[in-house]
**Q** 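Before I ask anything, let me first share the structure, which is written out below as structure tokens.
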Amino acid sequence: MFVLVLASTAAGAYTANPVAPRCGDVIHVSGEAVAVRMNGRTVPLFAGSGPARVGLMPVPLEEKPGKYPLEFLGTDGRVAGAVEITVREPHYPKQNIVIGKEKKELRPSPGETETVRAFRETVSATRYWEEPLVLPVRGCMTSPFGVARLHNGQPTGSYHRGIDQRGATGTPVRATAAGIVKIARMFNLHGGTIGIDHGQGLTSMYLHLSRLAAEEGARVEKGAVVGYVGTTGFSTAPHLHWALYAHGVSVSPLQWVQLKPCAAPVRAKKKKR
Ligand SMILES: [Zn+2]
């Protein structure tokens, strides 16, 4: 469902969509301003097709549900307009994962953590992405975004910051949108990793790949094959984990693409003896 609110003032119109996002969603904003601010986070706006500038305000998974003003800031830093946002409780489920000793002892490659963090924070002015985004693989979803993860029954305090899709090793993985490849590396934890900068604050990552099919610095089009499904790094079976980030904040791909969860596994009937 899309909700559009127009707040007309002397300075122009300020729009936010949706105005009632869930934690993990992105708010598409537009207005004659240079930046927007919400709950202490400020993100830049970029030139759009008209006089209004456009941008993406992420709502982090950890955001407290409630009402927040989304403020549009002018060149002088003053608030030029505002839209009221109601952040809704997302009701994400919990999931336990059984992890063997060998995986538990995995440590990041030298520079892995820093490289990934710096990549996610990438904000470049050129916009390569356009909607709709495409699914990197066709497989059903084995684990949705935002699930509170338990490892061997123990809460980890972390959330699943991406989605998992079923895929056999070697299945081609496609770029969800056009962009510039910033990471094409085999890491210890993330495994075979592709990171793409889609511009204007939107980035995507594809993990646990068995093979990479793109080089760092390359420009890729939407749907281009950038790697192949695998189970490298911190992964227990072949699948594709992919993630979207808006201004470094992990956001739900399910706001952008439609994806069906895999059917629950059919339990084998107990044989009668
Ligand atoms: Zn995953």
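Both ligands and their constituent atoms are indexed starting at 1 by order of listing.
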**Q** Excluding waters, how many protein N/O/S atoms sit closer than 2.8 Å to the Zn ion (ligand 1)?
**A** 3
**Q** If the threshold is 4.0 Å, N to carboxylate O, is there a salt bridge linking K182 and E121?
**A** no
**Q** Test: salt bridge (charged side-chain N to carboxylate O under 4.0 Å, His left out). Region: residues 219-240. Which pairs qualify, not counting sequence neighbours?
**A** R219-E221
**Q** Please enumerate all residues that pass side-chain contact (heavy atoms from CB on, under 4.5 Å) together with V137, with sequence neighbours excluded.
**A** Q165, T171, V173, V229, L240
**Q** Is the closest side-chain heavy-atom distance between I27 and L56 below 4.5 Å?
**A** no
**Q** What pairs with W242 under ring-ring contact (aromatic ring centres under 6.0 Å, His included), at least two apart in sequence or on another chain?
**A** none
**Q** Could you check whether R53 makes a cation-pi contact with F46, meaning its NZ or CZ is under 6.0 Å from the centre of the six-membered ring and within 45° of the ring axis?
**A** no
